[in-house]
Amino acid sequence: MSERVVVVEHEAGAGLGFFAGWLEDAGIEYEIVRPHRGEAVPSDPGAGLLVLGGSPSAWDDDGCAWLPDARALIAKAVESGVPTLGICLGAQLMTIACGGTVERGAAGLEVGLGSIELLPEAAGDRLFGPVAAAAPEPRAVQYHYDAMTELPPGAVRLATGSRYPNQAYRLGDSAWAVQFHPEATPEIFASWTAEGNPPDRDVAELDREVKEAEAGLRAAWRPLAEAFAAVVRDHHDRR
């Protein structure tokens, strides 16, 4: 591929994680843009767009001046059919950019290893179909206070959960949003709990559960990364 996937990173501790190796193994080149270091959010989403997570709220434009540009980039990618994947904060930015609603989560902090319930719509989805085949009852890393409470018009919900119902959706033919963290390694998660010190949680237990689940996390979410890579290649070849 001559064009690269644009990766928007919102903070140093919330990087590509597992996805770095999985995308490279799939032959996908990417360029990481770090607006938290002063780099400008591009106006062109390239061959694909991957927007990562982070601790800001999706509406915190005063605290993170690049968020309006990130939402505009997502909206442009979705409208033009560029393969797009938003993770946690990235999913929330997509939700707002495309007409949905994100609010402080009424059920409080969702953190640690959690079960993801794939809905029937996931079976035929280009990203979640391979996940359903590999892990019908997957678990995933969670760490978020805010929640997608109203999905954008036309969104197809693909996964739900016991604490928050909107865990994943597809918008159009080539844009996906996931509330959880399929990219998060145990080491990344442990850095989050060390920094955030989640209240009323046994941090050591949270870290242990995620570490012990590493093989299952890899088995469940590598197919999603590989499927996204395939969508990017297909879109690029058709251009």
Distance-only criterion, 3.5 Å: show the donor-acceptor pairs between side-chain atoms of residues 68-75 and protein atoms not counting sequence neighbours.
residue: Arg71; atom: NH1; partner: Ala58; partner atom: O; Å: 3.0
residue: Arg71; atom: NH1; partner: Asp61; partner atom: OD1; Å: 2.9
residue: Arg71; atom: NH2; partner: Asp61; partner atom: OD1; Å: 3.4
residue: Arg71; atom: NH2; partner: Asp61; partner atom: OD2; Å: 2.8

Atom pairs and distances, donor-acceptor, side-chain atoms in residues 32-40, under 3.5 Å, two or more places apart:
residue: Arg34; atom: NE; partner: Glu9; partner atom: OE2; Å: 3.2
residue: His36; atom: NE2; partner: Glu9; partner atom: OE2; Å: 2.8
residue: Glu39; atom: OE1; partner: Arg34; partner atom: N; Å: 2.8

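Using a 4.5 Å heavy-atom threshold, the side chains of Arg157 and Asn166 count as touching. Side-chain contact between Pro186 and Asp207 is absent, with no heavy-atom pair separated by less than 4.5 Å. Within the 4.5 Å cutoff, the side chain of Val6 has heavy atoms near those of the Pro42 side chain. Considering only heavy atoms from C-beta on, Val8 stays 4.5 Å or farther from Leu50 through its side chain. Contact annotation: the side chain of Ser174 approaches that of Arg126 to within less than 4.5 Å [non-hydrogen atoms, C-beta and beyond]. Taking 4.5 Å as the limit, some side-chain heavy atom of Val82 sits within range of a side-chain heavy atom of His235. Annotation: side chain of Leu151 is not in contact with side chain of Thr101 (no heavy-atom distance under 4.5 Å). Contact of the Arg163 side chain with the Gln142 side chain is not registered, since no non-hydrogen atoms from C-beta on lie closer than 4.5 Å.
One hydrophobic cluster, built from ILVMFWY side chains closer than 4.5 Å, holds both Val231 and Leu224. In the hydrophobic clustering of this structure, Leu119 does not group with Met148; members are Ile, Leu, Val, Met, Phe, Trp, Tyr whose side-chain heavy atoms approach within less than 4.5 Å, directly or through other members.
Considering Leu23, Leu85, Leu49, Leu52 as possible partners of Val7, the one that fulfils the side-chain contact (heavy atoms from CB on, under 4.5 Å) test is Leu52.
Applying the ring pair (Phe, Tyr, Trp, His ring centres under 6.0 Å) definition to pairs two or more places apart or across chains, those involving residues 140-166 are His144-Tyr164.
A pairwise comparison of heavy atoms in Thr84 and Ala77 identifies OG1-CB, 3.3 Å as the closest pair. Closest of all the heavy-atom pairs between Pro198 and Leu206 is CG-CD1, 4.5 Å. Arg104 and Trp59 make their closest contact through N-CH2, 3.7 Å (heavy atoms, listed as atom of the first residue, atom of the second, distance).
Without hydrogens or angle criteria, Lys76 side chain to Ser43 main chain gives a donor-acceptor distance under 3.5 Å.
Take Phe228 and apply the ring-ring contact (aromatic ring centres under 6.0 Å, His included) test, not counting sequence neighbours, and it matches no residue. When the ring-ring contact (aromatic ring centres under 6.0 Å, His included) test is applied to Phe19, the partners found at least two apart in sequence or on another chain are Trp22. Looking at residues two or more places apart in sequence or on another chain, you find no ring-ring contact (aromatic ring centres under 6.0 Å, His included) involving Tyr30.
Salt bridge Arg208/Glu205: present, at least one basic N to carboxylate O contact under 4.0 Å. A salt bridge links Arg238 and Asp234; the closest N-O separation between the charged side-chain nitrogens and carboxylate oxygens is under 4.0 Å. A salt bridge links Asp25 to Arg222: one of the charged nitrogens lies within less than 4.0 Å of a carboxylate oxygen. Note on Glu121 versus Arg170: no salt bridge recorded, every NZ/NE/NH1/NH2 to OD/OE distance being 4.0 Å or above.
If you check the side chains of Glu117 and Gln167, you find no donor sitting under 3.5 Å from an acceptor. Glu110 and Gln179 are not linked by any side-chain donor-acceptor pair at a separation below 3.5 angstrom, with hydrogens and angles left out of the test.
For Trp221 and His181, the distance between ring centers is not under 6.0 angstrom.
Around atom CD of Glu137, no more than 12 heavy atoms belonging to other residues, nucleotides or ligands sit under 6.0 Å away.
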